[in-house]
Undergrad: 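The following block contains the structure, expressed as structure tokens.
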Amino acid sequence: MKFSKAFNNNVALVKDSSGVEWIVMGTGVGYQKNKGDLIPEENIRRKFVAEQSSTRKPLLQVLDEIDSDVLDVSVEIIKNAEAQLGVTFSNNIYLTLADHLNFAVKRANERIDYADTNRWEVKNLYPKEYEAAKDAIRQVFDRLDVLLPLSEETFITYHFVNGQQAKKTKIEETLKMTEVINRIIEIVQYHFQLKLDEDSLNYTRFITHLRYFFIRQYKQDQTEQEEVDITLLELVKTKYEKAYQAVEKISNLLEKRYGWSLSSNERLYLTLHVWRVTNRQITK
């Protein structure tokens with residue numbers, strides 16, 4: 001690998017012997033390097049092709065727009081989160097999280113915040129990732145002297161969850177996940193007689209929830225979670241009656257086809273997701 005350009009001390013653009021450009025990450029890969037210098041493979045911790053894309057902003061342009069200090073702290077956050085969660089994230093999270101934090105820091109400096117109505121759900125559904133997100137906010141404050149709003153606890157949690165789902169999985173697991181999620185989407189769309197907006201944030205959150213649920217069921221994760229108060233479930237069942245009816249249909253499908261049972265927690269969370277992903281479209 002030959003050095004082409006540094007984004008900061010630990011992130012650089014290089015070319016391989018075939019002339020293909022790569023984004024590489026590793027301690028000192030961009031420090032005091034001159035164009036054409038060799039970057040030893042053993043110094044590279046992560047790498048991915050710096051490809052152009054007609055459907056999204058080119059990677060090189062995105063990296064050029066990210067503050068180098070933000071890029072540094074993003075890499076540190078990811079390394080700490082991997083150790084804390086005991087996982088290895090996909091390469092994509094390095095770019096997506098840095099890009100997100102870059103704008104989050106700008107918004108915080110301008111005192112702009114987004115409403116967050118999902119903290120309670122996220123905190124209970126993804127407790128480990130949520131704690132890692134809180135640590136990430138502390139790292140940003142310690143390194144950049146910027147205090148991100150509480151809504152970032154939720155947004156960063158989603159990055160940590162999605163970063164795990166993006167990793168390569170066995171073919172049969174991926175196919176089964178796709179099958180399960182598609183059947184659930186079909187039930188919801190048929191029950192409400194509408195086509196869900198796949199570009200909406202609520203749809204993305206719904207799919208993320210379903211992926212996380214599938215992995216727990218598929219891997220038979222029996223980690224104990226405190227059951228929700230049954231009166232709360234009854235309240236949600238009454239308030240969002242049609243959404244809960246859809247969840248009952250989903251539950252019947254999962255039990256008959258896969259032998260999976262929905263806990264009270266899952267019924268509650270799934271009802272809220274179904275209501276949210278359908279209500280916005282119905283009320284437009």
Side-chain angles (χ1 to χ4, degrees), residues 1-110 132-133 135-146 148 152 155-156 158-169:
M1 296 285 193
K2 289 187 177 181
F3 177 83
S4 295
K5 175 183 177 180
F7 295 100
N8 63 22
N9 290 340
N10 304 312
V11 182
L13 175 68
V14 300
K15 281 186 179 181
D16 63 20
S17 57
S18 300
V20 177
E21 290 187 316
W22 295 79
I23 305 296
V24 297
M25 298 179 175
T27 304
V29 292
Y31 181 65
Q32 293 186 345
K33 296 293 191 304
N34 297 313
K35 192 169 184 177
D37 286 351
L38 290 176
I39 307 294
E41 287 286 345
E42 58 267 24
N43 292 351
I44 298 173
R45 184 171 183 266
R46 294 289 181 100
K47 66 178 181 179
F48 45 97
V49 177
E51 61 185 1
Q52 302 287 319
S53 172
S54 59
T55 59
R56 61 183 179 181
K57 191 180 296 185
L59 295 181
L60 296 182
Q61 184 180 344
V62 173
L63 284 170
D64 275 331
E65 294 173 356
I66 297 174
D67 182 272
S68 62
D69 290 334
V70 172
L71 196 53
D72 268 338
V73 77
S74 297
V75 173
E76 289 182 12
I77 284 171
I78 291 167
K79 289 168 62 178
N80 289 347
E82 285 183 328
Q84 187 172 343
L85 299 173
V87 301
T88 299
F89 292 127
S90 68
N91 284 339
N92 291 339
I93 194 175
Y94 284 89
L95 182 63
T96 57
L97 181 62
D99 190 40
H100 173 85
L101 288 179
N102 198 52
F103 283 103
V105 168
K106 291 178 181 178
R107 290 194 300 267
N109 287 331
E110 296 171 2
D135 288 343
I137 291 176
R138 282 192 285 269
Q139 285 178 261
V140 171
F141 181 72
D142 291 341
R143 284 288 308 275
L144 307 179
D145 197 26
V146 175
L148 298 179
E152 287 300 323
F155 300 140
I156 295 174
Y158 281 126
H159 277 281
F160 289 157
V161 173
N162 288 329
Q164 296 175 63
Q165 310 317 320
K167 62 186 179 181
K168 291 182 179 179
T169 56

Undergrad: So, taking the atom named CD in E76 and the one named CG in L71, what distance separates them when rounded to the nearest 0.5 Å?
TA: 10.5 Å
Undergrad: Just do the side-chain contact (heavy atoms from CB on, under 4.5 Å) check on I93 and I78 with the steps written out, would you?
TA: CA-CA 8 Å; I93 194 175; I78 291 167; 4.0 Å; yes
Undergrad: Got a second to check how far N10's CG is from N43's CG, nearest 0.5 Å?
TA: 11.0 Å
Undergrad: Are the side chains of L144 and V73 in contact, using a 4.5 Å heavy-atom criterion?
TA: yes
Undergrad: With a 4.5 Å heavy-atom cut-off, do K15 and M1 have their side chains touching?
TA: no
Undergrad: Going by heavy atoms in the side chains, are V140 and I77 under 4.5 Å from each other?
TA: yes
Undergrad: If a pair satisfies side-chain hydrogen bond (donor to acceptor under 3.5 Å, both in side chains) and one of its residues is in residues 96-106, list it, with sequence neighbours excluded.
TA: H100-E152
Undergrad: Is it true that F160 and F89 have ring centroids separated by less than 6.0 Å?
TA: yes
Undergrad: Do V75 and Y94 come within less than 4.5 Å of each other through their side chains, counting heavy atoms only?
TA: yes
Undergrad: Do K2 and I39 touch side chain to side chain, with heavy atoms closer than 4.5 Å?
TA: no
Undergrad: For the residue pair V105 and D67, establish whether any side-chain heavy-atom pair is separated by less than 4.5 Å.
TA: no
Undergrad: Under 4.5 Å between any side-chain heavy atoms of L148 and L101, yes or no?
TA: yes
Undergrad: Is any side-chain heavy atom of F7 closer than 4.5 Å to one of L13?
TA: yes
Undergrad: Which residue pairs pass the salt bridge (Lys or Arg N to Asp or Glu O under 4.0 Å) test with at least one member in residues 27-39, sequence neighbours excluded?
TA: none
